[in-house]
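Please read these numbers as outputs of a predicted model, since none were measured by experiment. In what follows, every chain begins at residue 1, and chains take the letters A, B, ... in the order their sequences are listed. Heavy atoms only: backbone and side chains are in, while hydrogens, waters and symmetry mates are out.
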There are 2 protein chains.
Amino acid sequence: MDTAAPTGTRARTRRAILDAAVSVLAKNPAASLADIAAAAGVGRTTIHRYFPERSDLLAAIGAHLLELIDVATTRARLDDGTAAEALERVCQEYFELGEALQFAFENPQTQSVDWETETDADRALARLVERGHAEGTIDPDLPPAWVAEALWALLYTAWQHTRHNDVPKHASLTLCLRTLRKVIAPGG
Amino acid sequence: MDTAAPTGTRARTRRAILDAAVSVLAKNPAASLADIAAAAGVGRTTIHRYFPERSDLLAAIGAHLLELIDVATTRARLDDGTAAEALERVCQEYFELGEALQFAFENPQTQSVDWETETDADRALARLVERGHAEGTIDPDLPPAWVAEALWALLYTAWQHTRHNDVPKHASLTLCLRTLRKVIAPGG
DNA sequence: CAATTTTGGAACATCAGTGTTCCATCATGG
DNA sequence: CCATGATGGAACACTGATGTTCCAAAATTG
């Protein structure tokens, strides 16, 4: 893991490529490396210099995404307030991932990441839901895995809603939060 | 439109190819025609005989899917009972689409169908939600488009849940319906 | 059974994306 | 300002998918 920051020119172009790749592949999972290079304002050769094979790029994106999710999860401060409140914060933080979110949904099958493998964020989320069950702020009939999956699905829905109906982002987020609140509410 | 039934050998192999294509592409959107041919138990040449180009096959799948959705929508009898009840029936009917559902979600970008273009089913669903608003059985704060998108997202979630956590289908459907009911419930 | 249709497979040309190499050019920082 | 490193572009070989053609075998139909 050379997560260590080369903190120079290299680091910046690497990021540019990574960001462009997420952005382009989010819209078209079948995009070619040439497309990504163009979007990054970089020569195709340069991409191969940083990521020898396409799969290397995909893997790097995967790692990058997991990191973004981790950061967002931390920022949501899962331990503050009721579990229901924390879950809403998670929703807001994840919503900010934007294109990264789109990418994750449009490229599920790619071996870029083992979405199957439980990450720290997954486990933290599961624990949060269990806390909600105990507290009585989250419907105990909904298993943690279901809540997590529904959360992602709602986030995706929110972005779709913004895209297709040119609704302002904040409006979609509001709908998303409102819907989430109703989903997890106990009783019913 | 030769939707007219050739009702012979042709029709059957055509269906076999279409079904296999949906099944294979649902799992791997990048699958080759050779893969599809193998899954259909048919020579690759035969596929080209029915669908000259890949795009023709994709288009046919799109039309097929829209038809399936239409049939399912009709079966849900949108005009019977309260709008909320009808919407739950829609959910159940759509759930039965199974692999077709997966396909639609895994291949959103393909030009196989204009998912953008409103179909009859879309419009019927929108009207149903509006009826629910008027009746007071569906939360008036949720726009029809949002309800429709959330419905699809929940259905996708249900199938994912079954896939990843090897939960029996009926259990996922139950969760899905329960969640939907809470989402559309007025007030909150 | 005979005629017709449908099929599978082989062979082929084509094409787009990938990965590699090489070199001239540009930027950076020491 | 010069040396080192980073970049872009051209050229190339390679691969896998696509689409076409042709023919012999199998199935359907009357």
Between [atom2] of [N] and [atom1] of [X], the distance in whole Å:
X       : N      : atom1 : atom2 : value
A:Leu57 : C:dG17 : CG    : C1'   : 14 Å
B:His48 : C:dG9  : NE2   : C1'   : 14 Å
A:Arg12 : D:dA6  : CZ    : P     : 12 Å
A:Leu33 : D:dG9  : CG    : P     : 16 Å
A:Asp56 : C:dT18 : CG    : P     : 13 Å
B:Ile47 : D:dT20 : CD1   : P     : 14 Å
A:Ile36 : C:dG19 : CD1   : P     : 11 Å

Distance-only, no hydrogens or angles: does the [X] side chain make a donor-acceptor pair with backbone N or O of [Y] under 3.5 Å?
X        : Y        : value
A:Arg131 : A:Leu78  : yes
B:Arg89  : B:Asp80  : yes
B:His133 : B:Pro143 : no

For [N], does OP1 or OP2 lie under 4.0 Å from any side-chain N or O of [X]?
X       : N     : result
A:Thr13 : D:dT7 : yes
B:Arg10 : C:dT6 : yes
B:Thr46 : C:dG8 : yes

Return yes if the base of D:dG8 and the side-chain atoms of A:Arg49 contain a donor-acceptor N/O pair under 3.5 Å, otherwise no.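 Between D:dG8 and A:Arg49, which were checked side chain against base, a qualifying N/O pair under 3.5 Å is present.
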Looking at D:dG19, does its base get a donor-acceptor pair with the side chain of B:Arg44 below 3.5 Å? yes
Is A:Arg14 close enough and on-axis enough to A:Phe51, meaning under 6.0 Å and within 45°, for cation-pi?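 Judged by the rule, A:Arg14 and A:Phe51 form no cation-pi pair.
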For A:Phe95, which residues count as a ring-ring contact (aromatic ring centres under 6.0 Å, His included) partner, sequence neighbours excluded?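 For A:Phe95, the residues satisfying ring-ring contact (aromatic ring centres under 6.0 Å, His included) (neighbours in sequence not counted) are A:Trp159.
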Result for 5'-nearest mapping on DNA chain C, choosing between A:Arg54 and B:Gly43, is B:Gly43
Tell me yes or no: between the side chains of A:Glu106 and A:Tyr156, is some donor less than 3.5 Å from an acceptor? yes
Classify the side-chain pair B:Ser32/B:Asp35 by whether it contains a donor and acceptor separated by less than 3.5 Å.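 The answer is yes; a qualifying pair exists.
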Describe the nucleic acid contact of A:Phe51 in one word from base, sugar-phosphate, nothing, applying a heavy-atom distance below 4.0 Å.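 It contacts nothing in the nucleic acid.
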Over all strands shown, is A:Thr45 touching base, sugar-phosphate only, or nothing at heavy-atom distances under 4.0 angstrom? base
Can the ring centroids of A:Trp152 and A:Phe105 be said to lie less than 6.0 angstrom from one another? no
Axis-to-axis angle between the two ends of the helix from C:dC1-D:dG30 to C:dG30-D:dC1 (five base pairs per end, rounded to 10 degrees): 40°
With nearest nucleotide decided by heavy atoms, which residue, B:Ser32 or A:Tyr50, maps closer to the 5′ end of DNA chain D? A:Tyr50
Nucleotide nearest A:Thr9 when distance is taken to its side chain, options C:dT6, C:dG17, D:dA6: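 Looking only at heavy atoms from C-beta outward on A:Thr9, the closest nucleotide is D:dA6.
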Measure from the side-chain heavy atoms of B:Glu53 and tell me the nearest of D:dG19, D:dA6, C:dT18.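 Of the candidates, D:dG19 comes closest.
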